[in-house]
Trainee: 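Okay, here's the structure, questions in a sec.
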Protein chains: 2
Amino acid sequence: MLAIIAMKAEDCIFFQLSKASQRGARFWAQKVACLNLTAVQAMVMRFLYEKDEITSAELGFRTDLDSATLTGILDRLESAGLAERLPNPDDRRAILVHLTAKGRESGSQVVKFMEEANAEFVRGLSGEEERTLRSTLKKIRKRAV
Amino acid sequence: MLAIIAMKAEDCIFFQLSKASQRGARFWAQKVACLNLTAVQAMVMRFLYEKDEITSAELGFRTDLDSATLTGILDRLESAGLAERLPNPDDRRAILVHLTAKGRESGSQVVKFMEEANAEFVRGLSGEEERTLRSTLKKIRKRAV
DNA sequence: TACAACTTACTTGTATGCAAGCATAATCGT
DNA sequence: ACGATTATGCTTGCATACAAGTAAGTTGTA
């Protein structure tokens, strides 16, 4: 049976996803503001902390950021002295993104903040809610669009 | 017991929310591209279709868009001949956003597309998954940040 | 009636997202 | 070896986000 009563705009799944995501991003942004990083920059730092010296393409794959967006982010991380682009000896087209010493220091802070922010953010959810949320978000993310 | 093994970047709830939201936004954007509307523009149209002749502040509250963002969106909807800003007789600072005839026509298409896109997007989820997702997203959205 | 405090919509500046296109370099088939 | 295809990172142009600030208008209060 399909809904006879029209869905309200607020009930749109795209709207709900977008706004919940914005809440999370703002929360995360506040957490890392003291590091002089934006939410996205901190996230990229976190990925680099996990695996360093990877190509821009690889980093883009991991972070789900396209190359145009990544270029700007890397520019800013580089300006801040947190990351640098190294030539890739295996492929002269490619670069290797590398965290500087200052970058690794900052990165370790990001790791700590992420643990804390995550725990704090999901505090209002039951274990079951959190599990289902995570698995459903993953399902949405992984599928072909 | 807290996690001893550090969380991976991918498991960050902010990352998961952001990327799932992006999937949704891209899906929705494709649906409404034929109307020459962006995902956000279509969403605003959908809200206006539901309640017309409201102030920019009211529209911003409903759509969860700040006034700076809304100004640009309304500019573009106005350029496209879909919406217009009317003077507010009750308050000379305020405006009333109004869908034109062309805008209402386009808006009815948006309504239809939204029903379809929603149904299609959640098709891969079980009823239980969808219910929990929606209620959890709502919980996240509604709480204080 | 003054006047301070607040609201409204707008502007500016910066940072993503994303589509489209580019020069350079690598790779594949012949 | 060589031309066609593909891959890499960059650039441009446009559309959100969002912080900060502004001019004009409204409201509460002495």
Side-chain angles (χ1 to χ4, degrees), chain A residues 14-15 17-30 32-33 36-45 54-61 63-80 83-97 145, chain B residues 14-15 17-30 32-33 36-45 54-61 63-80 83-97 145:
Chain A
F14 311 120
F15 180 73
L17 274 170
S18 163
K19 298 312 171 179
S21 166
Q22 274 178 26
R23 290 288 174 181
R26 269 177 240 154
F27 186 87
W28 174 233
Q30 284 175 15
V32 295
N36 284 311
L37 293 171
T38 65
V40 176
Q41 286 164 13
M43 193 61 75
V44 170
M45 293 284 291
I54 54 181
T55 64
S56 185
E58 167 83 8
L59 183 57
F61 175 75
T63 58
D64 211 336
L65 291 170
D66 68 75
S67 74
T69 303
L70 209 42
T71 294
I73 293 169
L74 291 180
D75 285 348
R76 286 179 282 279
L77 290 181
E78 209 160 15
S79 298
E84 50 191 351
R85 291 166 163 101
L86 303 178
N88 186 340
D90 297 334
D91 188 335
R92 281 193 297 159
R93 290 168 306 181
I95 60 170
L96 290 179
V97 185
V145 173
Chain B
F14 311 120
F15 180 73
L17 275 170
S18 164
K19 297 312 171 178
S21 166
Q22 275 178 27
R23 290 287 174 182
R26 268 177 242 153
F27 187 87
W28 175 232
Q30 285 176 14
V32 296
N36 284 313
L37 292 171
T38 66
V40 176
Q41 286 164 14
M43 194 62 73
V44 171
M45 292 286 290
I54 54 181
T55 65
S56 184
E58 167 83 8
L59 183 57
F61 175 76
T63 58
D64 210 337
L65 291 170
D66 67 75
S67 74
T69 303
L70 209 42
T71 294
I73 293 169
L74 291 180
D75 284 348
R76 286 179 281 279
L77 290 181
E78 208 160 17
S79 298
E84 50 190 351
R85 291 166 163 100
L86 303 178
N88 185 340
D90 297 335
D91 189 334
R92 281 192 298 159
R93 290 168 304 181
I95 59 170
L96 290 179
V97 185
V145 176

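Here is how names work: the chains are called A, B, and so on, in the same order as the sequence lines, proteins then strands, and each is numbered from 1.
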Trainee: Between A/Gln30 and A/Arg26, do the side chains contain an N or O donor and an N or O acceptor separated by less than 3.5 Å?
Mentor: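 A/Arg26 and A/Gln30 do not have a side-chain donor-acceptor pair below 3.5 Å.
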
Trainee: My understanding is that only residues two or more places apart in sequence, or in another chain, count here; which of them pass side chain to side chain donor-acceptor pair (under 3.5 Å) with B/Thr69?
Mentor: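 Scan of B/Thr69 (side chain to side chain donor-acceptor pair (under 3.5 Å), adjacent residues dropped) gives B/Asp66.
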
Trainee: Does B/Asp64 have any salt bridge (Lys or Arg N to Asp or Glu O under 4.0 Å) partners at least two apart in sequence or in another chain, and if so, which?
Mentor: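 Once residues adjacent in sequence are excluded, the partners of B/Asp64 under the salt bridge (Lys or Arg N to Asp or Glu O under 4.0 Å) criterion are B/Arg141.
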
Trainee: Using whole Å, what does the distance between atom C1' of nucleotide D/dG9 and atom CG of A/Leu96 come to?
Mentor: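 In whole Å, D/dG9 C1' and A/Leu96 CG are 13 Å from each other.
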
Trainee: For DNA chain C, which nucleotides open and close the run of contacts to chain B, 5' to 3', at under 4.0 angstrom from a non-hydrogen atom?
Mentor: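 The footprint of chain B covers C/dT7 to C/dC18.
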
Trainee: Could you check whether B/Ala94 gets within reach of a base, just the sugar-phosphate, or nothing at all, counting any heavy atom under 4.0 Å?
Mentor: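 Sugar-phosphate only.
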
Trainee: For nucleotides 21-25 of chain D, which of its nitrogen or oxygen atoms have a protein nitrogen or oxygen under 3.5 Å away, and what is each distance?
Mentor:
{"residue": "D/dG25", "atom": "N2", "partner": "B/Arg93", "partner atom": "NH1", "Å": "2.9"}

Trainee: About how many Å separate CG of B/Leu37 and CE of B/Met43, when rounded to the nearest 0.5 Å?
Mentor: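 The CG atom of B/Leu37 is 11.5 Å from CE of B/Met43, to the nearest 0.5 Å.
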
Trainee: Base, sugar-phosphate alone, or nothing: which one does B/Thr38 contact when heavy atoms must sit under 4.0 Å apart?
Mentor: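 Answer is sugar-phosphate: B/Thr38 comes under 4.0 Å of backbone atoms only.
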
Trainee: To the nearest 0.5 Å, tell me how far A/Thr63 OG1 sits from A/Ile54 CD1.
Mentor: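 Separation between the atoms: 8.0 Å.
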
Trainee: Tell me: CD of A/Glu58 to P of D/dA7, nearest whole Å?
Mentor: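 About 16 Å, once rounded to whole Å.
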
Trainee: Quick one, A/Leu65 with A/Leu59, criterion side-chain contact (heavy atoms from CB on, under 4.5 Å). Give me CA distance, side-chain angles, the key distance, then yes/no.
Mentor: CA-CA 8 Å; A/Leu65 291 170; A/Leu59 183 57; over 6 Å; no

Trainee: Distance check needed: D/dC18 C1' versus B/Asp64 CG, whole Å only.
Mentor: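 Computing the B/Asp64:CG to D/dC18:C1' distance gives 12 Å.
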
Trainee: Holding to salt bridge (Lys or Arg N to Asp or Glu O under 4.0 Å), I want the full list of residues that pass it with B/Glu84, two or more places apart in sequence or in another chain.
Mentor: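 So B/Glu84 forms no salt bridge (Lys or Arg N to Asp or Glu O under 4.0 Å) with any residue.
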
Trainee: Heavy-atom nearest nucleotide on DNA chain D for A/Ile54 versus A/Lys19: which residue maps closer to 5'?
Mentor: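 The residue whose closest nucleotide sits nearer the 5' end is A/Ile54.
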
Trainee: Run the side-chain contact (heavy atoms from CB on, under 4.5 Å) test against B/Ser56 and tell me which residues pass, sequence neighbours left out.
Mentor: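 Result, side-chain contact (heavy atoms from CB on, under 4.5 Å) vs B/Ser56: B/Leu70, B/Leu74, B/Ile95.
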
Trainee: From CE of B/Met43 over to P of D/dA15, roughly how many Å is that when rounded to an integer?
Mentor: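 Nearest whole value for this atom pair: 18 Å.
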
Trainee: Could you list the residues that satisfy salt bridge (Lys or Arg N to Asp or Glu O under 4.0 Å) with A/Arg92, not counting sequence neighbours?
Mentor: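 Result, salt bridge (Lys or Arg N to Asp or Glu O under 4.0 Å) vs A/Arg92: none returned.
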
Trainee: Roughly how bent is the helix from C/dT1-D/dA30 to C/dT30-D/dA1 end to end, in steps of 10 degrees, with each end axis from five pairs?
Mentor: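 That helix has its two terminal axes inclined by roughly 20°.
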
Trainee: Quick one: ring pair (Phe, Tyr, Trp, His ring centres under 6.0 Å) partners of B/Phe14, sequence neighbours excluded?
Mentor: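 Expected list: A/Phe27, A/Trp28, A/Phe121.
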
Trainee: Starting from the 5' end of DNA chain C, give me the residue, A/Arg76 or B/Thr69, whose nearest nucleotide shows up first.
Mentor: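 So the residue in question is B/Thr69.
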
Trainee: Rounded to the nearest angstrom, tell me the gap between atom CG in B/Asp66 and atom P in D/dA15.
Mentor: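 About 17 Å, once rounded to whole Å.
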
Trainee: Got a sec, which residues hit side chain to side chain donor-acceptor pair (under 3.5 Å) with B/Asp91, two or more places apart in sequence or on another chain?
Mentor: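 Once residues adjacent in sequence are excluded, the partners of B/Asp91 under the side chain to side chain donor-acceptor pair (under 3.5 Å) criterion are B/Arg93.
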
Trainee: Given D/dT16, is OP1 or OP2 found less than 4.0 Å from the side-chain N or O atoms of A/Gln22?
Mentor: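 No.
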
Trainee: Could you give the CG-to-P distance, from A/Leu70 to D/dC10, as a whole number of Å?
Mentor: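 My rounded result for the distance is 8 Å.
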
Trainee: In this structure, how many angstroms lie between the P atom of D/dT8 and the CG atom of A/Leu74, rounded?
Mentor: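 So the CG-P distance, A/Leu74 to D/dT8, works out to 15 Å.
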
Trainee: What residues form a side chain to side chain donor-acceptor pair (under 3.5 Å) with B/Asp75, not counting sequence neighbours?
Mentor: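 With neighbours one apart ignored, the set is B/Arg85.
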
Trainee: Taking atom C1' of D/dA19 as reference, at what distance in whole Å does atom CG of A/Asn36 sit?
Mentor: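 Rounding to the nearest Å, CG of A/Asn36 and C1' of D/dA19 are 15 Å apart.
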
